[in-house]
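Each remark here refers to the structure printed beneath this line.
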Amino acid sequence: MDNITLANFFHEIADILELKEENPFRINAYRRAAQVLESLTQNIEEIAQKGKLEEVPGIGEGIGEKIQEILKTGRLRYLEELRKTIPPGLISMLAVPGLGPKTILRLYHEFGVETIEDLERLLPQHKICQLEGFGERSEEKIKEGLEQFRRHQKRSLLGKVEPLALEIVRTLEKVKGVNRVSLAGSLRRKKETIGDIDILCTSDNPKETIAVFCQLPQIKEVKARGTTKVVALSKTGLEIDLRVVEPEAFGAALHYFTGNKQHNIKIRTMGIKRGLKINEYGVFKVEGRGKEGEEEQDKEEAEKNRGTQDEEKTKEKEGEIKEAVGENEGEGESAAKEGVRIGGATEEEVFRAVGLPYIEPELREDRGEIEAALEGRLPKTINLSDIKGDLHCHTKYSDGHNTIEEVAQAGIEREYEYLLISDHTTTVGITHGMDAEKIQRQMEEIEKVNQRLKEKGVRFRLLKGVECDIKADGSLDLPDEILAQLDLVIAAIHSKFGMDQTERLISACQNPHVDIIAHPTGRKLGERDPYQVDLERVMEVCRKTKTALELNAFWNRLDLSDINCKRAKEIGVKVSIGTDSHHILEMDVMRYGVATAKRGWLEKEDVLNTCSLEELLGWVKNRKKSKE
DNA sequence: GCCGTTTTCGGCCCGACTGTTTTCAGTCG
């Protein structure tokens, strides 16, 4: 059983327990176990076989036993019992923005609302606003939440969201009084899918900045607006959060809003052990923290309530507190800023405060980066500037838009040393791909272009290649004698996605001419799940045959995924980053590939196309020899 | 349910904003 399927058992338990208003820490334990399972590079089944389940952080005795049961029987009795205790539709309602367990349960008990459809039918009757504790606005908010849910059931893809986000960042940078602007959240971590856009800035005039932001042409509607924070909806229906912070808190806020949640919790917990309080306002030394500190906690409580308490009642208390924290703090922020500030202007200061070196945003997923940082074994991850060429490009010879000459020019503009022309073969019918005759013609044209560039003294070379289809029986779509003439051969699956692809991919790897397997799992984000394949076995064959696996940089694929990249590295398989571009403008998606490689902990030497041209051709030669 | 340089028991990150009520609960990130 794969880790994701297993993780879903625990997500479901957490969802149900949430609706049953169980102990939140217990819920979080299940949630955390699910997340840990999702980010493990090793198959949990192997770990279980070695009896090492409980060595996995977040998995203890209870969850360990449940995993064993699932692996053994494919079922979990505990979950099956749990399911009987609540109507199944309630779980899906948790996904509606603004609806939490309390509201869902209330609506269920008052009106028998069991599904999202029930809720949609109830809304026009205007009964919700008559409930105690609810009003016109609450009902309106539920309606808006439902609309947002319907519109945006799926998370958005990185490559679709990033351009809009950068456009807003650039606009904000020009606003008077704004000093620094940065993306935060999953967008900054370059996660393959994005829930919302988080933007952070510093400003001389926060009020004015917030006012300007709310008027931006990209904004359709403002959902919430305070003195430091705005929640808005873009015209594309995506949520955009803006936070305005003070310059001395920029690093702390950037770290905090970049996440992810588990990473933050670990950092803050490390802070607590050092007598520090870490929040979005900075790093603070708190006297008495880490010990009993009851007095401190009382004070904290009082502080928390300060901004909201009745002025008359708290006058006396307030006098004391103001003395303790200083007069000039903003309302409601004083509690957060309690203690002596020891850092927070930069993210480095936050990490340093807990004894860590800087950790890149792409690594902040609580996948062992904090432990690695502590032990001084953080990877020196790959950067876009390390990429020496694109190893997957299409031209007019199949379904690409540009000529060979144009593609070469685009490669030169990106300061590449080389670029692999890799058009489809004929089996991929709709692409009008290449047969043996057509590819001969293409090779001749590539030679001519290379010759012209050489004469002009341009240090750039087009490589002759192909994206050869792997047929259902594992054979390739071009004869070996043709493949032998090419500089590099990519092989990929484009049909019969229903079958198990393990043997099909393995036989392709074993062909002496195949250098790279493209988009190895066939997934299309938000469209198509990965096909059935035992990637572990394929990777093992790749290691033996020295075949590289592609990280397809196109944002709707990003295949290999970050976690699979990490696994490839562990097994010792090279990763080749290719854009699969069908238009020269698409060649810039390389940055999403590099970001995903970073998220997979890949270093320069793990990636094939960080090699110079000579090294690359040497690698091919050496690989061919070892396959013979 | 997990975990331990604060503990094998008793903690578990921390704050903003909204709506409805007037002191706080709910939700979100």
Side-chain angles (χ1 to χ4, degrees), chain A residues 10 13-14 17-18 21-34 36 54 56-66 78 94 96-106 129 131-142 144-145 184-186 195-196 198 222-231 239 241-245 249 252-253 256-281 284 288-293 300 303-314 330-338:
Chain A
F10 297 107
I13 292 175
L17 293 181
E18 206 167 342
E21 299 185 279
E22 278 270 358
N23 175 356
F25 298 110
R26 202 172 148 231
I27 297 169
N28 194 39
Y30 280 113
R31 201 71 82 195
R32 192 159 167 250
V36 166
E54 287 178 38
V56 178
I59 296 179
E61 201 185 329
I63 293 181
E65 278 171 10
K66 291 188 173 70
Y78 172 67
L94 281 169
V96 178
L99 276 191
K102 300 275 197 278
T103 313
I104 292 171
L105 279 176
R106 187 84 191 278
C129 57
L131 284 181
E132 205 190 321
F134 287 73
E136 291 279 337
R137 267 306 283 160
S138 338
E139 191 171 290
E140 191 60 28
K141 283 231 145 182
I142 293 174
E144 287 168 12
S186 52
D196 61 6
D198 290 299
V222 175
K223 282 174 68 188
R225 179 174 173 171
T227 52
T228 62
K229 176 180 170 178
V230 189
V231 180
E239 194 173 296
D241 294 3
L242 173 74
R243 269 112 173 166
V244 188
V245 301
Y256 176 57
F257 292 120
T258 296
N260 75 1
K261 192 175 167 181
Q262 285 303 328
H263 170 95
N264 283 353
I265 289 175
K266 269 202 178 157
I267 296 286
R268 285 185 177 195
T269 307
M270 287 170 76
I272 290 172
K273 285 176 185 155
R274 290 168 173 251
L276 302 173
K277 173 144 108 178
I278 301 174
N279 58 28
E280 58 263 54
Y281 297 107
F284 302 90
R289 183 155 231 189
K291 290 248 164 183
E292 289 89 44
E300 253 176 280
E303 284 288 75
K304 243 183 219 167
N305 298 331
R306 194 174 78 95
T308 50
Q309 294 225 347
D310 189 312
E311 286 249 294
E312 289 299 314
K313 277 187 201 165
T314 55
E331 195 86 8
E333 288 178 13
S334 50
K337 291 177 180 174
E338 186 197 355

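Labels below follow one simple rule: chain letters A, B, ... track the order of the sequence lines, proteins then strands, and each chain is numbered from 1.
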Would you kindly give the CD-to-C1' distance between A/Glu54 and B/dG4, to the nearest whole Å? 15 Å
Whole-Å distance between B/dC2 C1' and A/Phe10 CZ? 13 Å
When the C1' atoms of B/dC24 and B/dT7 are considered, how many whole Å apart are they? 32 Å
Gap in Å between the two P atoms, one belonging to B/dT18 and one to B/dG11, rounded: 34 Å
Of the nucleotides B/dT20, B/dG15, B/dT6, which has the atom closest to the A/Lys273 side chain? B/dT6
Between B/dT20 atom P and A/Leu131 atom CG, what is the distance in whole Å? 12 Å
Between A/Asp198 and A/Ala224, the residue closer to the 5' end of DNA chain B by nearest nucleotide is A/Ala224
Rounding to an integer number of angstrom, what distance separates B/dC12 and B/dT6 when you compare their P atoms? 13 Å
Taking only side-chain nitrogens and oxygens of A/Arg268, does any of them come within less than 4.0 Å of OP1 or OP2 of B/dC13? no
Using whole Å, what does the distance between atom C1' of nucleotide B/dC2 and atom CZ of A/Arg32 come to? 8 Å
Given B/dG1, B/dG19, B/dG15, the nucleotide with the shortest approach to the side chain of A/Ala29: B/dG1
What are the two closest heavy atoms between A/Ala34 and A/Phe10, and how far apart are they? CB-CB, 4.0 Å
When the distance from CG of A/Asp241 to C1' of B/dC28 is rounded to whole Å, what number comes out? 9 Å
For A/Arg32 and A/Pro57, which heavy atoms make the closest approach, and how far apart are they? NH2-CB, 4.2 Å
Taking atom CD of A/Glu54 as the centre, does the number of heavy atoms from other residues, nucleotides or ligands within less than 6.0 Å exceed 12? yes
Rounded to whole angstrom units, what separation is found between the CZ atom of A/Phe134 and the C1' atom of B/dG26? 9 Å
For atom C1', what is the distance between B/dG1 and B/dT5, given to the nearest Å? 23 Å
Here the distance between atom C1' of B/dA16 and atom NZ of A/Lys223, to the nearest Å, is 14 Å
Has A/Lys261 got a side-chain N or O lying under 4.0 Å from the OP1 or OP2 atom of B/dC28? no
Nearest-angstrom distance, C1' atom, B/dC3 to B/dT8: 9 Å
Between B/dT27, B/dG19, B/dC17, which one does the side chain of A/Pro101 approach most closely? B/dT27
Taking only side-chain N and O atoms of A/Thr103, does any of them lie within less than 4.0 angstrom of OP1 or OP2 on B/dT27? yes
Nearest 0.5 Å please: distance from the CG atom of A/Asn28 over to the CG atom of A/Leu17. 11.5 Å
How is A/Val96 classified with respect to the nucleic acid when contacts are heavy atoms under 4.0 Å: base, sugar-phosphate, or nothing? sugar-phosphate
Atom CD of residue position A/Glu136 - does it have more than 12 heavy atoms of other residues, nucleotides or ligands inside 6.0 Å? no
Reckon A/Lys66 touches a base, only the sugar-phosphate, or nothing at all at heavy-atom distances under 4.0 Å? sugar-phosphate
Looking only at atom C1', what distance separates B/dC28 and B/dT22, rounded to whole Å? 24 Å
I want to check one thing: is the phosphate of B/dC17, taken as OP1 and OP2, less than 4.0 Å away from some side-chain N or O of A/Thr228? yes
Would you indicate what A/Pro24 reaches in the nucleic acid, counting non-hydrogen atoms under 4.0 angstrom: base, sugar-phosphate, or nothing? nothing
Using a heavy-atom cut-off of 4.0 Å across all strands, would you classify A/Arg225 as base, sugar-phosphate, or nothing? sugar-phosphate
Write down the distance separating the P atoms in B/dT21 and B/dC2, rounded off to the nearest Å. 41 Å
What does the list of N/O pairs under 3.5 Å between the protein and nucleotides 8-12 of chain B look like, with a distance for each?
none

Which heavy atom of A/Ser186 sits nearest a heavy atom of A/Gly195, and at what distance? OG-N, 4.1 Å
Students often get this wrong, so: under 4.0 angstrom with heavy atoms, is A/Glu132 touching a base, only sugar-phosphate, or nothing? nothing
When you check the gap from the basic side-chain N to the acidic O, do A/Glu239 and A/Lys223 get nearer than 4.0 Å? yes
So which nucleotide from B/dG15, B/dG26, B/dT20 ends up closest to the side chain of A/Lys102? B/dG26
Which listed nucleotide (B/dT20, B/dG29, B/dT18) is nearest to the side chain of A/Ser138? B/dT20
Could you check which of B/dG15, B/dG26, B/dT20 has an atom nearest any side-chain atom of A/Tyr281? B/dG15
For the side chain of A/Tyr256 and the base of B/dG29, is some donor closer than 3.5 Å to an acceptor across the two? yes
Under 3.5 Å, which donor-acceptor pairs do the side chains of residues 263-272 of chain A form with other protein atoms, sequence neighbours left out?
from	atom 1	to	atom 2	distance (Å)
A/His263	ND1	A/Glu369	OE2	2.9
A/His263	NE2	A/His255	NE2	3.2
A/Asn264	ND2	A/Tyr256	O	2.8
A/Lys266	NZ	A/Asp366	OD1	2.9
A/Lys266	NZ	A/Glu371	OE2	2.8
A/Arg268	NE	A/Ile278	O	3.1
A/Thr269	OG1	A/Ile265	O	2.6

Considering all heavy atoms of both residues, which atom of A/Tyr281 and which atom of A/Ala252 are nearest to each other, and what is their separation? C-CB, 4.1 Å
If I pick the P atom on B/dC17 and the same atom on B/dT23, what distance separates them, to the nearest angstrom? 23 Å
A/Glu144 and A/Arg137 ion-paired at < 4.0 Å: yes
Who does B/dG26 pair with, Watson-Crick or G-U, both distances under 3.5 Å? B/dC17
When all nucleic acid strands are considered with a 4.0 Å heavy-atom cut-off, which category describes A/Leu99: base, sugar-phosphate, or nothing? sugar-phosphate
Between CD1 of A/Ile63 and C1' of B/dC2 the distance, given in whole Å, is 8 Å
Residue pair A/Ile27/A/Gly98 against DNA chain B: nearer the 5' end by closest nucleotide is A/Ile27
Within less than 4.0 Å of OP1 or OP2 of B/dG15, is there a side-chain N or O belonging to A/Asn279? yes
